[in-house]
Novice: 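Pasting in a structure now, in structure tokens, and then I'll have a few things to ask.
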Amino acid sequence: MQSLLTILLFLSMPQGAEWIIILVVVLLLFGGRKIPELMKGIGKGVKGFKDGLKEIEDDIKDDSSTDNKPK
């Protein structure tokens, strides 16, 4: 059953020609000038997300290091 699900999932993914059609539609919808702005915004969002994860990891490390110190 799981192999059937895997095959159906693989067949539902866009292949070569479908990606070209998708890219053309995106280009028509957003225009050539908006796409770089859109990618820049996505990049800033990803960078902010990674920075947030790093802050959380640092906080966890700081909390665990202060818990190990004798009082």
Side-chain angles (χ1 to χ4, degrees):
M1 179 67 184
Q2 191 172 8
S3 63
L4 178 63
L5 183 62
T6 306
I7 292 170
L8 289 175
L9 181 63
F10 177 73
L11 291 176
S12 67
M13 296 296 293
Q15 301 295 315
E18 289 91 359
W19 279 114
I20 294 171
I21 293 170
I22 291 169
L23 290 174
V24 168
V25 169
V26 167
L27 187 62
L28 289 174
L29 288 175
F30 293 106
R33 294 183 183 173
K34 290 288 183 182
I35 292 176
E37 294 173 16
L38 180 66
M39 293 298 125
K40 185 177 180 181
I42 290 173
K44 285 183 179 180
V46 169
K47 185 178 184 309
F49 181 76
K50 287 182 179 179
D51 289 344
L53 284 178
K54 187 173 186 298
E55 286 179 16
I56 291 172
E57 288 176 358
D58 291 344
D59 288 344
I60 291 172
K61 286 179 184 176
D62 289 343
D63 288 344
S64 65
S65 66
T66 56
D67 289 344
N68 293 336
K69 290 183 179 179
K71 294 181 181 180

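Note that this is a predicted model, so its numbers are computed, not measured.
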Novice: When clusters are formed by joining ILVMFWY residues with side-chain heavy atoms under 4.5 Å apart, either directly or through shared neighbours, do Val25 and Ile22 land in the same one?
Specialist: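 Same cluster.
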Novice: Are Val26 and Trp19 linked, directly or through other ILVMFWY residues, by side chains that come within less than 4.5 angstrom of each other?
Specialist: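 Yes, it is one cluster - the side chains of Val26 and Trp19 are joined through contacts under 4.5 Å.
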Novice: Checking one residue: Ile56. Which other hydrophobic residues are in its cluster under the side-chain 4.5 Å linking rule?
Specialist: Ile60
Novice: Pairs in or reaching into residues 38-50: which pass salt bridge (charged side-chain N to carboxylate O under 4.0 Å, His left out), with residues at least two apart or in two chains?
Specialist: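 Non-adjacent pairs meeting salt bridge (charged side-chain N to carboxylate O under 4.0 Å, His left out): Lys47-Asp51.
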Novice: Taking only residues two or more places apart in sequence, or in another chain, which ones meet Leu38 in a side chain to side chain contact (heavy atoms under 4.5 Å, CB included)?
Specialist: Ile42
Novice: Please tell me whether Leu28 and Ile21 are part of a single hydrophobic cluster in this structure, the criterion being side-chain heavy atoms less than 4.5 Å apart.
Specialist: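 Different clusters.
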Novice: Hey, any chance Leu27 and Leu23 share a hydrophobic cluster, counting ILVMFWY side chains that come within less than 4.5 Å of each other, even indirectly?
Specialist: no
